[in-house]
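As structure tokens, the structure follows; a few thoughts come after it.
Chain A is the first sequence line, chain B the second, and so forth, proteins listed ahead of strands; every chain is numbered from 1.
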Amino acid sequence: MERFYITTPIYYVNDRPHIGHAYATILADVLARYHRLLGIPVHFLTGTDEHGQKVWEAAQLAGIPPQAQCDRTVVRFQQLWEQLAITHDDFIRTTEPRHTAVVQEILAELHERDEIYSAEYEGWYSVSEERFYTEKELVDGRSPEGKPVQRIRETNYFFRMSRYQQWLIDYIESHPEFIQPEQRRNETLGFLRQPLGDLCISRPRSRMPWGIELPFDRDYVCYVWFDALVNYISAVGYRRDEETFRRWWPADCHLIGKDILTTHTVYWPTMLHAMGLEMPRTIFAHGWWLSGGSKMSKSTGNVTDPIEMADRHGVDALRYYLMADMTLGQDAVFTEEGFALRYNADLANDLGNLASRVLRLVERHRDGRIPHPDETAAGPAEETLRRAVLAAVGEMERRLRAMQIDRGLAAVIGAVRETNRYVDQSAPWTLAKEGATTRLATVLYHACEALRIVSGLLFPVMPGKMAELRASLGLTGEEIAPRLERLRVWGELEPGRPASAPPSLFPRIDRRAHDTAARGAARRPAAKKAKTEGLISFQEFSRLALRTARVLEAEPVAGADRLLKLTVDLGDERRQIVAGIAPAYAPDDLVGRTVVVVANLEPATIRGVRSEGMLLAARQGDRLGIVTVAGDVAPGSAVG
RNA sequence: GGCGGUGUAGCUCAGUGGUAGAGCAUGCGGCUCAUAACCGCAGUGUCCCCGGUUCAAAUCCGGGCACCGCUACCA
């Protein structure tokens, strides 16, 4: 019997949730919901990875046990998933006994079977970074980060991964669906052309106190991947609940980011093989959301906060944008501008407006009840509409199975446009004036029926808004959540049910206001509206010496909460600049970054510190974002 | 350096051996039920460059350039 077991990566509990986490989890949720819509039993797993150095340090800092630290931070994910309408069936934490005990059993068995052995390892170790480097990685006798290293010998445990190299190559080659998209499959095969080493799976407890103890050596804990990856099987009852395990394993889809490709396409398959378990059907690597060409990440400071986006424009709109604007597997660009364009075009103008116009007509002319259609009053226009909408049902299902959600959504929006066309051509408002009540009822019924099907197809992506819309069509209770077999049939909507126009489903985003905010400092053609107040001439603009600068040093200004004292390289000189960005940036975040400064600003003394210029930053309420330069530009370059 | 990917309308992208497509943005027209919305029409492109195969290539082959990813760093 067909079933669908889908997983997200487990997220590091110490991370602050960002758009990357949100995207992966929403994607998994959308896939899970679509499979439920198809009537397929679904098991959707997500969770958190809770061991490791950073958790330990954070706990030390907070003066609490590491488990308490995890308990404290895990809620950030759990709450976010709730806010984003995530419908996972299980949430596994790697510190739970149901996980740790299974990891230990697996380790014990593999050790017994000589799949795990101990060996002495010698290498260059950086104490401050807590990691080893190979001879080749060292730069001038230091770590690539410039930290001192020392030669140390250490015994560790290794998993005999190398012995499965050829098996893995053969498996990947004979299972084209195993690693997707194809590019990632090639990447993995490319990686496997080099000799595969054994995998170090332990850390001495003295160096890494927070982890799962090795059952055969209490001085060691299990190292990250052998712990984390096992969540996919421990969560569904491996070695604990045979029936549940057989029901769900092997997983149908491990959804991962492209940054953890190798761990999932090399480590994990060989681990499973050593355990004698089946391979997951598909490991699917999605792309990243980029902002101005760089990866969204905390270290580059360009994180878009998913919670804020959801608060501002609605969870459903965020989910829709993320699903509609990314071709699965490729990278995509995340911008407010892109969001607004997509939202207005598809949701406000096409779908929201369609619902509004149709349901208001129903309210006004049919007493707020789903009208009774008269088939003798139906003609070719109704047939065209019916075909177009039902075709979208098939298209959505096809695209979904091919992991092309964006294309499926485009097909559904196409059906919405077709319905708008139908309403225009049938002109129900004219029919009302002419008193053609039978024909009017028929037209409005067909338009509502199209809305019923479309709302069902979009439900997995926008469960909240589509539930509202479906309720407006008179659906209640269990009818709100759609089922495919009811979407495939035209004419399911029951006449006579109460229908009402909901308050604006997707209010338009005012792009004029948005543009002003978004463009701010961006250059605009000044000539066009030269007479308008508040504009400056190009000459006036030219007086500003905007230049790029590299931050060399940064430190807080004593006695000031908001100020940082920066030393910057302007290419031909060094400058000291005081900037009020301490609330948003730690000094270490800034060093090495290329920023934009006003170089010919009159010097000033702020809090007793001389400032020779101004650092540009965008401000929104109390949020701050420094202005940086995309691409590699030398310090001192002119900006304009 | 090796491997892989990408390069198509202003933007985001689809596509195919046979007169170049969609959405958005733009312009014009229509309608007025509706969220300054909707509907219609209109464009614009050396389909990265050079060469080859072919009756015919943007689509196949060879070479090059640019960007991205993975991987390796050779003397």
Side-chain angles (χ1 to χ4, degrees), chain A residues 134-139 144 179 181-196 257-263 265-266 285 287-288 290 293-295 317 321 324-335 337-366 381 395 399 402 404 406-414 416-434 440 443-444 447 451 465 501-513 515 630-632:
Chain A
T134 62
E135 189 81 46
K136 291 166 186 167
E137 284 175 307
L138 297 185
V139 182
I179 302 171
E182 199 179 345
Q183 193 198 145
R184 302 300 165 199
R185 183 168 176 264
N186 291 335
E187 221 172 280
T188 306
L189 286 169
F191 180 85
L192 288 170
R193 270 197 282 275
Q194 270 96 45
L196 188 62
K258 62 182 184 178
D259 50 331
I260 49 175
L261 183 74
T262 308
T263 54
T265 59
V266 178
W288 279 327
L290 308 176
S294 59
K295 184 191 167 193
Y321 173 63
D325 248 40
M326 181 181 271
T327 298
L328 210 42
Q330 294 179 12
D331 289 346
V333 179
F334 188 105
T335 60
E337 177 83 2
F339 176 89
L341 285 169
R342 170 68 72 176
Y343 174 95
N344 277 349
D346 291 1
L347 299 183
N349 295 353
D350 287 348
L351 177 58
N353 182 49
L354 173 66
S356 172
R357 65 197 302 210
V358 169
L359 287 166
R360 286 208 192 191
L361 286 165
V362 170
E363 274 186 345
R364 192 171 312 153
H365 300 296
R366 310 305 306 171
E395 182 73 0
R399 294 299 189 176
Q404 296 176 317
D406 58 325
R407 307 289 296 282
L409 291 175
V412 178
I413 293 300
V416 171
R417 292 207 182 89
E418 188 63 39
T419 311
N420 267 320
R421 248 187 304 276
Y422 167 76
V423 172
D424 267 37
Q425 282 162 11
S426 313
W429 49 93
T430 306
L431 297 173
K433 275 181 203 151
E434 292 169 349
L440 174 61
V443 167
L444 291 180
L451 279 173
K465 290 293 183 181
S504 200
L505 210 54
F506 300 104
R508 274 178 68 81
I509 296 172
D510 184 344
R511 291 246 292 121
R512 286 165 306 173
D515 280 1
D632 206 0

[atom1] gap between [N] and [M], integer Å:
| N | M | atom1 | value |
| --- | --- | --- | --- |
| C47(B) | A22(B) | C1' | 15 Å |
| U16(B) | G1(B) | C1' | 35 Å |
| U53(B) | U44(B) | C1' | 32 Å |
| C13(B) | A72(B) | P | 30 Å |
| U19(B) | G4(B) | P | 33 Å |
| A9(B) | U26(B) | C1' | 12 Å |
| G51(B) | G43(B) | C1' | 34 Å |
| A58(B) | C67(B) | P | 25 Å |

Taking side chain as C-beta onward, heavy atoms only, is [X] less than 4.5 Å from [Y]?
| X | Y | result |
| --- | --- | --- |
| V266(A) | L196(A) | yes |
| E434(A) | T430(A) | yes |
| L354(A) | D350(A) | no |
| F506(A) | S356(A) | no |

Should [N] form a Watson-Crick or G-U wobble pair with both distances under 3.5 Å, which nucleotide is its partner?
| N | answer |
| --- | --- |
| C13(B) | G21(B) |
| G69(B) | C3(B) |
| C47(B) | none |
| U59(B) | none |
| U26(B) | A42(B) |
| U54(B) | none |

What nucleic acid atoms does [X] come within less than 4.0 Å of, heavy atoms only: base, sugar-phosphate, or nothing?
| X | result |
| --- | --- |
| R342(A) | nothing |
| D346(A) | nothing |
| P428(A) | nothing |
| Q194(A) | sugar-phosphate |
| A348(A) | base |
| L505(A) | base |
| G352(A) | base |

[X] side chain, from C-beta outward: closest of [options]:
| X | options | result |
| --- | --- | --- |
| F191(A) | G40(B), C33(B), U71(B) | U71(B) |
| R508(A) | U35(B), C38(B), C24(B) | U35(B) |
| S356(A) | U35(B), C38(B), A25(B) | U35(B) |
| Q183(A) | C38(B), G4(B), C3(B) | G4(B) |
| L361(A) | A14(B), C38(B), C33(B) | C33(B) |
| N186(A) | C38(B), G4(B), A36(B) | G4(B) |

Judged by nearest nucleotide, the residue sitting upstream toward the 5' end of RNA chain B, D331(A) or R357(A), is D331(A)
Note: for W429(A) and E418(A) on RNA chain B, the residue whose nearest nucleotide lies more 5' is W429(A)
Hey, does the side chain of S426(A) reach the backbone of V423(A) with a donor-acceptor pair shorter than 3.5 angstrom? no
Does the separation of the ring centres of Y321(A) and F334(A) fall below 6.0 angstrom? yes
When the distance from [atom1] of [X] to [atom2] of [N] is rounded to whole Å, what number comes out?
| X | N | atom1 | atom2 | value |
| --- | --- | --- | --- | --- |
| R407(A) | A22(B) | CZ | P | 14 Å |
| R366(A) | C33(B) | CZ | P | 18 Å |
| Q330(A) | U6(B) | CD | P | 9 Å |
| R185(A) | C70(B) | CZ | C1' | 16 Å |
| L347(A) | C38(B) | CG | P | 12 Å |
| R360(A) | C33(B) | CZ | P | 12 Å |
| D424(A) | C41(B) | CG | P | 13 Å |
| N353(A) | C39(B) | CG | P | 9 Å |

Taking only side-chain nitrogens and oxygens of N349(A), does any of them come within less than 4.0 Å of OP1 or OP2 of U35(B)? no
Could you grab the distance from atom CD of E337(A) to atom CZ of R342(A), nearest 0.5 Å is fine? 13.5 Å
Under a plain distance cut-off of 3.5 Å, with no hydrogens placed, do N353(A) and R508(A) share a side-chain donor-acceptor pair? no
